[in-house]
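Before any comments, here is the structure.
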Amino acid sequence: MNRITNTLVIGTSVALLSACGGSGGSSDSPGGATLGDTASRDTNTPPATTRPISRPLTDSISELVHASCDRNSDLVGGRSYRVEMPSRVDGAAIVFQVFEPTQFDCQTEHPLILQGHGFSGTRTTEAGDDPLAPIAPLVDAGFTVISIDQRGHGESGGTIRVMDPDFEGEDLVQIVDWAESHLDYLKYRDNNLLLGGVGGSYGGGFQYLLYNVDPDQRMDAMVPHITWHDLTYSLNPGNVTKNYWLAFLSLAGDAGTGGSMDPYLRSSLLDGIVQHRFPEPALDFFHYHSPSYFWENERNLELFDSGNSQEYLLDPITGRVPITSDGRYVIKTPQMDPYPIDVLMFQGMRDSLFPFNDAWENYKELKAAGGDVRLLTYPFSHHYLAPNVGLIQETLANLGFYAESLPDLPAAGLNTLTDCGDISANQAAVAWFNEKLLGRGDADNVITTGKQICYTLSPGDAVAAPEVTVGGASFPVRYDMLGEDIEVTTFTGAAGSLPTIVPLTTLENDGVIAGIPTATLNIGAPLSDLEERCLDESDPVFATGTCDAILFVGVGVIRGGTSIPELIDEQVQPIRGFGQHDIELTGIAERLNTGDQLVMMLYGQHPTFAGAFSRDLTVSAVSVSGSVSLPLLTEDGQQQLEVTAPL
C-alpha cells in the first residue's frame, strides 16, 4: 500500500509540474534555434484572402513556408513549425509554434486555437493529448493551433511580467495579427476570425488577457483551466500573503526560465514573504494583471497621463514601472466591458493557489455578458505541488481509484485526473470548439451536466448542481455546554498549529457540501482593553504591539465512527485584525454521509501561508463569535439539504 501511494504521489507531482510549469513537448534550445534550409523570411504582404490588419506588423522568420489555399501549395497537413518575430512593444523576440490541421479543407476552412503553457514552462512543439495542451485532438478535428512561448519563457525575450496588458497583452494581439496576415486558410464568420484559446494556470490567464485587451474583440470561445480572477485574492486573500506559493513562484519562475523574472515582480514576491505584507504598488501591479481589473477595477487604478509625465516616477528597481509621487501604480490599458463569449472553464476543488472562488468570479462576469459559460471541476490542480496532510488523506481515502488508474498513468498522463464524473476534459474541449467555432456537433452530448455546475467530490465521484450556492444553512460559532453558550477562544501564531474545533451540525441524511461557505465572525482581543492600546506602526517584520491578529478558517468533517477531523479540500481563508468580518470562505465540495459531523476549524497558522501568521506576541489568543453558513445540498446536488437547528 505504501509503495502504491508513494508511486502515485510522485508520478502525479511530476505530471503536474510538466503541465503547470513545463512544456507539452520538446523545446528548442534557448537563445534561438538555427533555421534549416526550409526557413523563410515572411513579408508583410498578406495573401489575397487574409484579413487586412491596420496595426503594423514586424518582419517574421518562419521555419517552413506556410501552407496556402490561395496558392494551392504545402497543403499536406499535419506539419508544425517555429515562427519568430520582434515585439512591437520593445523588440523582444516572440516565438511560437504553428500546428497545421491534419487535413486541409479550403472550403470549410479552419478556426484558430491559441494554446499557452504554465508558469515557467515553454510552448509545445510536438502534438499530444495533454488536457492543458490537447493539440493532437484539435488538429485532428480540423483546427489550426498556435502554441506560444509567453514573454520571458522558452525562446521568447523580455521579462516575465505575469500577463501585463502593456507587454504580454500586446504580444498576444500581435500573434493574432500575424496569423490573420499570413495564414489564408483560417475560418471567418461575418468577416471576423473564429478564434479560441486553451491552456491551464498561466495558460488560462493569457486567454482572459487577450479577451480583454484585443481591440478587435476576436476571441469567440475559451477553455481556461485552473487560473485566476484577481491575483490580489489568489496571492493575498484577507491581506495575508500565501508565502508557500510566493516562494514556489519565485523559485520556479527563475529556475524554469534562466532568471527571466521581471525585477519588480521578483522583489514584490520577496517583500511579501519577508514582511508578510505586499507593498501597495505591488497589489496594484497584481490587480492590473487580472481579469478583475478590466471588469471591476476594485483598486481604482488610474490611467497614465503622458501629458503630465513629470508627476510620475520610475520604479528604481526596474527603471520603467510608473509610480505616482504618493506611491500609486499607474497603468496604460483602459478597462473593457465584457462581451459575449462561450467559455468552458475547469477548476480544481483542492487548488490552494487558484481556488474555486477564482473560477466562480470569472463565471459570474462572463455569464452576465451573455455567452454560453460552463463551470466544471476536477481532482487535478496546483495542490499536487504543495504536499500536505490533506493530500495524504485524499490519496489514502481514494487508493482504489488511484490503484486502478496507476497502470494507465504513464500513457494517459493528466487525463486520469481531469474528469468531472464521466466528463473528459479533452473530449469536452474538442466538442466545445466543434460546436462554438465550427457549428457542428452537440457539446451537451459530452458535457452531460449541461449548463449545471459540475462538482468533483473526490476522484471519480462528481455531482451536478443547478447553481453555485454561496452561503446556505447558518450555524452559530460557539460551544454548547449543557445548554449554556461558551465563548470560543483560539491561539494565534505558532501556538495555533493544531486547530481549534467548533462543532456546527451532525447530518441526519446523506448529502453533499458544494459551493462557497460564508461567515460573519467577530474577532476579539483576549483582554477587554487591549484594542485601545494597539499601536498604529511598529517594526514591519513582527508588528509588535499592533494587535496584528491572524486566523485561518476552514470547514471540516468528522466522519461517523471516527474522532479525527478532516479539513475539507484542505482549504482555509485567512482573517486579519480585530472586529467584525463578513467573508466568503474558500469553495469546497465533498460527499457527506448520515452521522458525519461538520465543524469549523480555526488555525493560528497553515502550510499554504507558511510564515505568514501573527508574530505579535501581544495577541497570542483571540475570541471568536458569530456564525457560518454552509452550502449543504441533497446527495444528487439538486436541492438544499434540510438540516436541524439552523440559526
Side-chain angles (χ1 to χ4, degrees), residues 236-247 271-278 352 388-390 476-481 484-504 519-556 558 564-567 570-583 585-586 599-628:
N236 192 57
N239 200 28
V240 178
T241 52
K242 281 186 183 174
N243 281 2
Y244 173 84
W245 285 113
L246 302 190
D271 279 345
I273 294 171
V274 173
Q275 299 186 17
H276 64 289
R277 286 184 185 274
F278 281 116
S352 57
N388 51 52
V389 173
V477 176
R478 66 190 181 203
Y479 292 124
D480 185 351
M481 297 292 185
E484 182 179 350
D485 290 347
I486 304 297
E487 185 177 69
V488 174
T489 302
T490 186
F491 290 110
T492 63
S497 299
L498 295 177
T500 297
I501 307 299
V502 183
L504 299 175
T520 297
L521 298 176
N522 295 291
I523 310 301
L527 300 175
S528 60
D529 64 340
L530 178 60
E531 295 181 41
E532 300 175 3
R533 295 186 278 111
C534 297
L535 301 177
D536 292 331
E537 294 184 6
S538 179
D539 62 287
V541 176
F542 292 98
T544 305
T546 58
C547 305
D548 186 25
I550 300 176
L551 283 182
F552 302 94
V553 183
V555 178
I558 301 176
I564 300 175
E566 172 191 341
L567 179 62
E570 198 63 19
Q571 297 288 12
V572 294
Q573 178 70 21
I575 296 176
R576 190 168 200 165
F578 291 144
Q580 180 172 306
H581 300 264
D582 297 305
I583 60 172
L585 300 182
T586 310
V599 298
M600 188 170 71
M601 302 177 71
L602 301 170
Y603 297 81
Q605 62 174 333
H606 189 270
T608 300
F609 299 82
F613 53 81
S614 180
R615 306 172 190 178
D616 184 357
L617 297 179
T618 62
V619 285
S620 59
V622 295
S623 63
V624 182
S625 61
S627 63
V628 60

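At least one side-chain heavy atom of L585 sits less than 4.5 Å from a side-chain heavy atom of V628. For the pair V624 and I523, the minimum side-chain heavy-atom distance is below 4.5 Å. Side-chain contact check for P607 versus Y244: every heavy-atom pair is 4.5 Å or farther apart. Side-chain contact between L567 and F552 is absent, with no heavy atoms from C-beta onward closer than 4.5 Å. Within the 4.5 Å cutoff, no side-chain heavy atoms of V572 are placed close to those of T586.
Scanning both residues, I501 and Y479, for their nearest heavy atoms gives O-OH, 3.2 Å. Listed here is the closest heavy atom pair of F578 and A549: CE2-CB, 3.9 Å. In terms of heavy atoms, L504 sits closest to V599 at CD1-C, 3.7 Å. Of all heavy-atom pairs spanning P237 and P574, the tightest one is O-CG, 3.1 Å. Shown here for R576 and G238, the closest heavy-atom pair between the two residues is CB-O, 3.7 Å. When all heavy atoms of I575 and V553 are compared, the pair lying nearest together is CD1-CG2, 3.7 Å.
We find the OG1-CH2 distance between T608 and W245 to be 8.0 Å, quoted to the nearest 0.5 Å. With rounding to the nearest 0.5 Å, the separation of CE in M600 from OG1 in T500 is 9.0 Å. The line from NE2 of H606 to NZ of K242 is 11.0 Å long, rounded to the nearest 0.5 Å. Atom OG of residue S623 and atom CG of residue L521 lie 11.0 Å apart, to the nearest 0.5 angstrom. Here the straight-line distance linking atom CE of M601 with atom CG of L551 works out to 13.5 Å at 0.5 Å rounding.
Scanning for side chain to side chain donor-acceptor pair (under 3.5 Å) contacts around N239 gives N236, with sequence neighbours left out. In terms of the side chain to side chain donor-acceptor pair (under 3.5 Å) criterion, residue partners of N243 (sequence neighbours excluded) are, by chain and number, T241. For Q605, the side chain to side chain contact (heavy atoms under 4.5 Å, CB included) test picks out A494, S497, F613, with sequence neighbours left out.
Side-chain contact check for D548 and S614: no donor-acceptor pair (N or O, by modelled atom type) lies under 3.5 Å.
When atom types are taken as modelled, the side chain of T520 and the backbone of D582 share no donor-acceptor pair closer than 3.5 angstrom.
Heavy atoms from other residues, nucleotides or ligands lying under 6.0 Å from CZ of F278 number more than 12. Within 6.0 Å of the CD1 atom in I486, the count of heavy atoms belonging to other residues, nucleotides or ligands exceeds 12.
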